[in-house]
Structure formats: structure tokens, C-alpha cells
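FYI, the numbering just counts along the sequence from 1.
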Amino acid sequence: MNSRRSISFHSVFVVAFILAVALFGVGVYLAAKSRGFEMLAAGSLAVIATLIGWQLCVVLAQHATGQAKRIDDQLLPVRQMLDRLYHALHEVGEKQLLSDRAKALAYRQNDREALRKAIREDIDKQDWDAALRLTDDMEKEFGYAQEAAQIREDVMARRNDLLRRHIDDGINTIIRRAENEDWAGAHEEADRLARLYPDEPAVKPLHRDIDQRRVLLKERMLTQWHTAVDNEETDKAIDLLKRLDDYLTPAEGEQLQEKARVLFKKKLANLKEQFGAAVHEHRWSQAISIGEEIMAEFPNTQMAHEVRDRMPQLRDRAGASSPVAV
């Protein structure tokens with residue numbers, strides 16, 4: 001009978017000690033994770049109480065001969081204490097479990113808000129790839145498929161809007177340079193857009209469009225030139241011919257050569273007549289201006305050599321006829 005009781009209380013304390021050690025281990029783990037020291041304190045109390053109770057029972061068991069009833073009476077408070085301790089430990093464990101769940105929910109909410117903030121920052125920095133990667137994480141880790149889809153739609157909309165504005169700005173730059181006949185600059189801008197947005201449909205035909213603009217401008221100037229020649233608008237025709245010089249092929253230039261020669265002869269004849277009239281009427285400043293134009297535009301002609309020889313005399317007369325400052 002006493003042997004069975006001894007085995008029974010030893011079994012009780014072995015189980016209680018194992019539970020106390022397990023509780024103590026859980027408390028150590030939670031304390032290491034900075035989740036509170038309540039479980040560690042409860043485990044420590046359980047281990048100490050179990051060892052004290054066990055030792056007390058061993059001592060009492062050694063004096064159990066003939067005193068079984070008294071030992072039972074002495075052990076009753078211990079058993080009651082162990083019962084209270086068990087219930088207390090169970091309650092502490094339940095509370096700790098609830099606390100861990102609440103913390104997990106709070107951490108989950110904080111993580112989600114931090115992820116949203118990071119996505120907004122990437123969007124503001126126009127780092128579209130990073131924003132989309134974080135959106136994928138939101139869907140996979142938190143399961144917010146609908147919110148992730150909305151964010152992706154917003155990211156792509158803002159990306160496409162910015163892309164369209166950049167491309168439109170580049171196209172406007174190309175148009176301005178084409179209007180200024182800066183064809184090299186227009187092609188340079190088209191190359192830049194092609195490097196930045198190689199897959200955009202609006203960018204691919206830009207070089208072809210620039211060439212078409214150049215061809216259309218040349219055809220328009222040729223039409224205007226022929227009209228000016230037919231109307232004997234010599235100055236306008238010559239100005240157009242100078243502009244056409246950068247556009248015409250050698251073969252096209254040869255086709256216009258004869259008409260161009262006639263134009264320059266008329267131009268020179270007109271300048272010669274104007275120069276002679278200015279000299280005859282003693283309009284020395286105007287004669288000098290016309291003479292400089294002849295030398296600049298027709299430097300190798302006989303007329304240019306004659307004007308060059310007379311320029312010193314014309315300048316002296318122009319100086320002599322100027323009002324004298326008082």
C-alpha cells in the first residue's frame with residue numbers, strides 16, 4: 001500500500017516537474033524574443049515549487065512507517081497547492097497565448113501599413129518596377145488580391161501617363177528642330193527617345209517622319225523657287241536657291257543650274273545698275289553698301305574687282321559729306 005502511494009506521488013512530481021521545466025523553457029524563448037517575462041516568471045515559480053514539494057514529500061515518505069494517516073494529512077496542503085499552481089499556470093498559459101495572437105495581428109497590421117508606405121514612396125520616385133514587386137508581396141504574403149490589383153492599375157496608369165508626356169515632349173522638340181531645319185538635331189532627339197522607349201509604337205517611326213518632313217519642305221521650296229523665277233522675283237528666287245543648296249542632290253542641282261545662272265546674272269545686273277545710280281547721285285553710303293554686297297555675293301566677277309578699286313574713294317567722299325560734330 002505504502003509502496004503504491006510512494007510510486008503515485010513520485011509520478012505526480014515527475015509529471016509536475018516536466019511541465020514546470022517545459023513552462024520555464026517556453027518562458028526563456030519568449031523572453032529572448034522580447035515578448036515579455038510573464039511566462040519565464042511562472043516557469044521559475046513552478047520549478048521551484050515542484051522541487052520544494054517533491055523534496056518535502058521525500059522527507060515525509062522516509063518517516064512514513066506507522067504514520068500514513070498523518071503523512072496524508074500533511075500532504076493534503078501540498079496537493080492543494082499543486083492544484084492551485086496547475087490552475088494558475090494554465091491560466092497564465094492561456095493569457096500568454098491570447099497575447100501572442102494579439103501581437104501577431106498587430107504586427108501584421110503594422111507590416112501591411114509599412115508595405116503600403118513603401119509602395120507609395122516608390123511610386124513618388126517613379127520606380128515602377130520596385131512598386132510592382134512590393135505589390136506582388138502584398139498579394140502573396142497578406143492575401144489582399146483586390147487591393148494589389150488596384151495598386152497595379154494605379155502604378156501602370158501613372159507610368160503610362162508619364163511615359164506619354166515624355167514622348168510628347170520629345171516629339172514636340174523634334175517638330176521645333178524640323179521647323180528650324182535642324183535635321184541633325186531632330187534625328188538626335190529621335191535616337192534618344194528610341195533608346196529610352198524602344199518598344200513604344202509612337203517612337204519607332206520618328207526617323208521616317210523626320211525624313212518625310214525634310215522631303216516635303218524641299219518640294220515646297222522647289223515649287224516656290226520655280227514660281228519666283230517665273231514671276232521674275234530675283235531676290236526671292238536666289239534666297240530660296242541658297243536654302244535649297246543643303247537639300248538638293250548633285251543631279252537635282254544640275255537640273256537647276258541653267259536657271260540659277262540666269263538668276264545670278266540678273267541679280268548682278270540689278271546691283272550694278274543700283275551701284276551706278278547711287279554713285280551718280282552722290283549717295284555715297286548707299287553706294288558703299290551696294291558695293292559690299294556685290295563683293296560678298298559675286299567676289300570673282302569683274303564688277304566686284306571694279307567696286308573693290310573704287311571703295312577707298314567712296315569711303316573718303318562719304319566721310320567728307322558727313323556732318324561735322326560741334
Original post:
When you measure from the side chain of Asp182 to the backbone N and O of Ala178, does any donor-acceptor pair fall under 3.5 Å?
Top reply: no
Original post:
So do Ile290 and Ile294 actually touch side chain to side chain, heavy atoms under 4.5 Å?
Top reply: yes
Subject >> Expected output: side-chain Asn172 to main-chain Asp168 donor-acceptor under 3.5 Å >> reply: yes
Subject >> Distance-minimising heavy-atom pair for Gly291 and Val307 >> reply: CA-CG1, 3.4 Å
Original post:
Do the rings of Tyr247 and Trp183 sit parallel, tilted or perpendicular, given the 30° and 60° boundaries?
Top reply: perpendicular
For residues 212-221, which side-chain N or O atoms pair as donor and acceptor with protein atoms under 3.5 Å away, sequence neighbours left out?
{"unit_1": "Arg214", "atom_1": "NH2", "unit_2": "Asp246", "atom_2": "O", "d": "2.8"}
{"unit_1": "Lys218", "atom_1": "NZ", "unit_2": "Glu252", "atom_2": "OE1", "d": "3.2"}
{"unit_1": "Lys218", "atom_1": "NZ", "unit_2": "Glu252", "atom_2": "OE2", "d": "3.1"}

**OP:** For the pair Arg177 (side chain) and Gly185 (backbone), establish whether a donor and an acceptor sit closer than 3.5 Å, ignoring hydrogens and angles.
**Re:** yes
Original post:
Can you tell me how far the CE atom of Met295 sits from the CG atom of Leu271, to the nearest 0.5 Å?
Top reply: 12.0 Å
Original post:
Under 3.5 Å, is there a donor-acceptor pair linking the side chains of His305 and Asn300?
Top reply: no
**OP:** Give the minimum heavy-atom separation between Ala186 and Ile210, together with the two atoms involved.
**Re:** O-CD1, 3.3 Å
**OP:** Using the salt bridge (Lys or Arg N to Asp or Glu O under 4.0 Å) rule, take Glu292 and Arg315 through it: C-alpha gap first, then chi angles, then the decisive distance, then the call.
**Re:** CA-CA 12 Å; Glu292 289 176 344; Arg315 290 193 175 96; 3.4 Å; yes
**OP:** Taking all non-hydrogen atoms of both residues into account, name the closest pair between Val279 and Ala287 and its distance.
**Re:** CG2-CB, 3.8 Å
**OP:** Using a 4.5 Å cut-off on heavy atoms from C-beta on, say whether the side chain of Gln274 contacts that of Gln286.
**Re:** no
**OP:** Indicate yes or no: at least one non-hydrogen side-chain atom of Glu200 is less than 4.5 angstrom from one of Lys204.
**Re:** no
**OP:** Would you mind reporting whether Lys236 and Trp225 have side-chain heavy atoms less than 4.5 Å apart?
**Re:** no
